[in-house]
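Along the sequence shown, residues carry numbers from 1. Since this is a predicted model, take the numbers as computed values, not measurements.
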Amino acid sequence: MSAQLTDSKTGQQSHGTLLLRTLAMPSNTNANGDIFGGWLMSQMDIAGGILAYETACGRATTVAADKIVFHRPVSVGDVVACYGELIKIGNTSMQIHIEVWVHSASFDSLNEQRLVTEALFTYVAIDKDGQPRPVPQL
């Protein structure tokens, strides 16, 4: 279980557990020099896919990404951390809320983290033939 984070600017607290950490690199930038939103979305999908796989006890596929909100830009060198929380389990589907938090060398404190992006992802458990299958109920 991950420790809860608090955004120093908004006071918002993190939800879920740490699923993925990586470093934002120069090759991930857009024309403005910020980290490309599509790269952040792919990191979120990878993180959510990990939780979906664990929850489904096997293969799962992304079927939707909703309510994606980019709160602030991410810079090269930021440590990007994806947190996920299982929101709902249906018969074959799972809804997972993903938050992206960053730590930056430019922040005033070594412990400072900021929420930068969040979204609701939906995954469907699939069998070996790619067909929907029931998700084991917790």
Heavy-atom closest pair, residues [X] and [Y]:
X    : Y   : result
W101 : Q12 : CH2-O, 3.4 Å
A81  : L18 : CB-CD1, 3.8 Å
I50  : L19 : CD1-O, 3.9 Å

What distance do [X] atom [atom1] and [Y] atom [atom2] have between them, rounded to the nearest 0.5 Å?
X   : Y    : atom1 : atom2 : answer
T6  : L115 : OG1   : CG    : 11.0 Å
E99 : Q113 : CD    : CD    : 12.0 Å
Q95 : S93  : CD    : OG    : 6.5 Å

Legend entry - Matching residue for H97 among E85, K88, E118, H15 - test: side chain to side chain donor-acceptor pair (under 3.5 Å):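 Exactly one pass, corresponding to E118.
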Legend entry - F36, CZ atom: more than 12 neighbouring heavy atoms under 6.0 Å: no
Inset, instruction - State whether the number of non-hydrogen atoms from other residues, nucleotides or ligands found under 6.0 Å of R21 atom CZ is greater than 12. - result: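 Counting other residues, nucleotides and ligands, CZ of R21 stays at 12 neighbours or fewer.
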Taking [X] for the side chain and [Y] for the main chain, is one N or O donor matched with an acceptor at less than 3.5 Å?
X    : Y    : result
Q137 : G90  : yes
Y123 : G49  : yes
R133 : T92  : no
D127 : D129 : yes
N32  : D34  : no
D45  : G48  : no

Any side-chain heavy atom of [X] within less than 4.5 Å of one from [Y]?
X    : Y   : answer
T122 : M94 : no
V79  : L23 : yes
I87  : I96 : no
W39  : V80 : yes

Inset, instruction - Establish whether I46 and Y53 are linked, either directly or via other cluster members, by ILVMFWY side-chain heavy-atom contacts under 4.5 Å. - result: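 Looking at the clustering, Y53 is in a separate group from I46.
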Inset, instruction - Would you mind telling me which of V74, I35, D78, V69 makes a side-chain contact (heavy atoms from CB on, under 4.5 Å) with V116? - result: V74
